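Below you'll find the structure, written out as structure tokens, and then a few comments.
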There are 2 protein chains.
Amino acid sequence: MKKQIVEILRKNQLSITDGRKKILELFLESDSALAHHDIEEKIQEKFDRVTVYRTLQAFMDKGIIHTIPTADNSIKYALCKDDCEQGHHHDDHIHFVCKQCGQTICLDEVHVPSVRLPQGYHADQVEVVVSGLCKECN
Amino acid sequence: MKKQIVEILRKNQLSITDGRKKILELFLESDSALAHHDIEEKIQEKFDRVTVYRTLQAFMDKGIIHTIPTADNSIKYALCKDDCEQGHHHDDHIHFVCKQCGQTICLDEVHVPSVRLPQGYHADQVEVVVSGLCKECN
DNA sequence: AAAAAAATGCAACTTTGTTGCAAAGATACC
DNA sequence: GGTATCTTTGCAACAAAGTTGCATTTTTTT
């Protein structure tokens, strides 16, 4: 695990620091998406708020994590699949938000459906967020 | 127009106040979704920030407007279709965000595709946000 | 037109996010 | 392994976004 973490950071040319290791570990351990707030809560050692913001930004830039759109003004982040490279996210899976437990998860096995747009529109990216009851809460 | 506004407020059992009339008018005039910030900007008379928050909340509760999920931590609101009733939103159209002009619009004519979830999951609602270039910017 | 109910504005506060800068830490080089 | 260089961190100070309680004003009811 520790090796995998260092490996990921190295591969993305990020210096290996305690904060980055810890936050990346959180993502690897968690199977649901994390908001900034969740991260600060779950980390026992206290890192400055600013550090967490900058770490998430760095991970985003490198394509290690991606954001999940929400309707409640909280950005959620989740690990990208291996083939997301620096600056080019191509996560084509859908996201699921459980109304009971609140968890947001990536359903990697479910691909986004194709959408037919009206004349004149050009689609770059399609985001699908399904809400309902997850496996555990159903 | 003025009649329609009063009509909508009355139908939803909201008292008819200047702020509500003005904000509702904004939504009716605008064909793109509005963020809290946009509303404060576009209104010439100044209403208190708190009033705008509470008005949006009231409109949400009554099913007059709905939120559109975004990945950039800004809640956008748009008018619901007529058949959204108090507490029961059922807007099954997709949303489009233009990367050029930034406008967010409801594509009422495009219905959300059906999504097949893994065993055990139960879907209540499917949100689709497509980003790319809109008719004007393309 | 007066009484009752609801909405507004204000102040004070909390939470969330940003920026510049000095100190601490990581990397590269000898 | 130790030092120079470059990067990251934490702090302070700030800006923006959102919330709450309460007195005043406005709307609705009778």
Side-chain angles (χ1 to χ4, degrees), chain A residues 2-3 5-26 33-62 64-65 67-77 86 102 104, chain B residues 2-3 5-26 33-62 64-65 67-77 86 102 104:
Chain A
K2 297 284 178 198
K3 275 175 199 155
I5 291 169
V6 170
E7 169 75 15
I8 293 174
L9 292 176
R10 186 155 290 147
K11 199 174 74 188
N12 286 285
Q13 300 155 71
L14 290 171
S15 9
I16 320 290
T17 67
D18 290 349
R20 286 172 180 171
K21 279 192 285 186
K22 198 82 200 95
I23 291 176
L24 187 47
E25 189 180 1
L26 259 186
L34 300 170
H36 175 98
H37 181 74
D38 300 325
I39 293 168
E40 285 201 298
E41 241 177 19
K42 292 202 180 186
I43 286 188
Q44 44 274 62
E45 308 106 279
K46 290 281 171 300
F47 292 98
D48 195 86
R49 222 168 64 253
V50 180
T51 302
V52 178
Y53 281 116
R54 291 196 270 225
T55 302
L56 289 171
Q57 190 55 57
F59 286 2
M60 280 287 294
D61 292 347
K62 296 295 185 179
I64 299 173
I65 56 175
T67 53
I68 300 171
T70 65
D72 73 332
N73 231 16
S74 75
I75 312 183
K76 298 251 184 176
Y77 302 88
Q86 197 154 344
T104 299
Chain B
K2 297 283 179 200
K3 274 175 199 156
I5 290 169
V6 170
E7 169 75 14
I8 293 174
L9 292 175
R10 185 156 291 146
K11 199 174 74 188
N12 286 284
Q13 300 156 71
L14 290 170
S15 7
I16 320 292
T17 67
D18 291 348
R20 286 173 179 171
K21 277 192 286 186
K22 198 81 200 95
I23 291 176
L24 187 48
E25 189 179 1
L26 260 186
L34 300 170
H36 175 97
H37 181 76
D38 301 324
I39 293 168
E40 285 200 298
E41 241 176 19
K42 293 201 179 187
I43 286 187
Q44 44 273 60
E45 309 107 278
K46 291 281 171 300
F47 292 98
D48 195 85
R49 224 168 60 255
V50 181
T51 302
V52 178
Y53 281 116
R54 290 196 270 226
T55 303
L56 289 172
Q57 190 56 57
F59 285 3
M60 280 286 294
D61 292 346
K62 296 295 186 179
I64 299 174
I65 58 176
T67 54
I68 299 171
T70 65
D72 72 332
N73 231 16
S74 74
I75 312 183
K76 298 253 185 175
Y77 302 89
Q86 197 154 344
T104 299

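Just so we're on the same page: letters track the sequence lines, and every chain starts at 1. Everything numeric here is computed off the predicted structure, so don't read it as measured data.
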> dG17(C) P sits how many Å from Asp48(A) CG, rounded?
Replying inline: 14 Å
> Any side-chain N or O of Ser15(B) under 4.0 Å from OP1/OP2 of dT28(D)?
Replying inline: no
> Once you round it to whole Å, what is the distance between C1' of dT8(D) and CZ of Phe47(A)?
Replying inline: 12 Å
> Quick one: does Tyr77(A)'s side chain get under 4.5 Å of Leu34(A)'s, heavy atoms only?
Replying inline: no
>> If you assign each of Asp18(A) and Arg10(B) to its closest nucleotide in DNA chain D, which residue comes earlier from the 5' end?
In response: Asp18(A)
>> If the cut-off is 4.0 Å, is Asn73(A) near the phosphate of dG18(D), judged by side-chain N/O to OP1 or OP2?
In response: yes
> Ile75(B) CD1 to dA16(D) P: how many Å, rounded?
Replying inline: 19 Å
> Rounded to whole angstroms, how far apart are NZ on Lys21(B) and P on dT26(D)?
Replying inline: 13 Å
> Do the side chain of Thr51(B) and the main chain of Phe47(B) share a donor and acceptor less than 3.5 angstrom apart?
Replying inline: no
>> Tell me whether Asn12(B) contacts the main-chain N or O of Leu14(B) through its side chain, where contact means a donor paired with an acceptor under 3.5 Å.
In response: no
>> Can you tell me if Arg20(A) touches the phosphate of dT8(D), counting only side-chain N or O atoms and a distance under 4.0 Å to OP1 or OP2?
In response: yes
>> Measure OH/Tyr53(A) against P/dT15(C) and give the value in whole Å, please.
In response: 12 Å
> Between Gln13(B) (CD) and dT29(D) (C1'), how many Å, whole number?
Replying inline: 15 Å
> Is the shortest distance from a Lys or Arg side-chain nitrogen in Lys2(B) or Glu25(B) to a carboxylate oxygen in the other one below 4.0 Å?
Replying inline: yes
>> Could you check whether any side-chain N or O of Arg20(B) sits under 3.5 Å from a backbone N or O of Leu9(B), counting only pairs where one atom can act as donor and the other as acceptor?
In response: no
> Between Arg54(B) and His37(A), who's closer to the 5' end of DNA chain C by nearest nucleotide?
Replying inline: Arg54(B)
> Can you find a pair of side-chain heavy atoms, one from Ile75(B) and one from Thr70(B), that are under 4.5 Å apart?
Replying inline: no
> Does Arg49(A) get its side chain close enough to the base of dG17(C), under 3.5 Å, for a donor-acceptor pair?
Replying inline: yes
>> Can you measure Ile16(A) atom CD1 to dT9(D) atom P for me and round it to whole angstrom units?
In response: 11 Å
> Which one, dT9(D), dG18(D), dT8(C), comes nearest to the side chain of Thr17(B)?
Replying inline: dT8(C)
> Can you check the Leu14(A) CG to dG25(C) P distance for me, whole Å?
Replying inline: 19 Å
> Can Lys62(B) and Lys11(B) be said to form a side-chain contact (heavy atoms from CB on, under 4.5 Å), step by step?
Replying inline: CA-CA 10 Å; Lys62(B) 296 295 186 179; Lys11(B) 199 174 74 188; over 6 Å; no
>> Let me test you: for the helix from dA1(C)-dT30(D) to dC30(C)-dG1(D), what is the angle between the axes at its two ends (five pairs each), rounded to 10 degrees?
In response: 40°
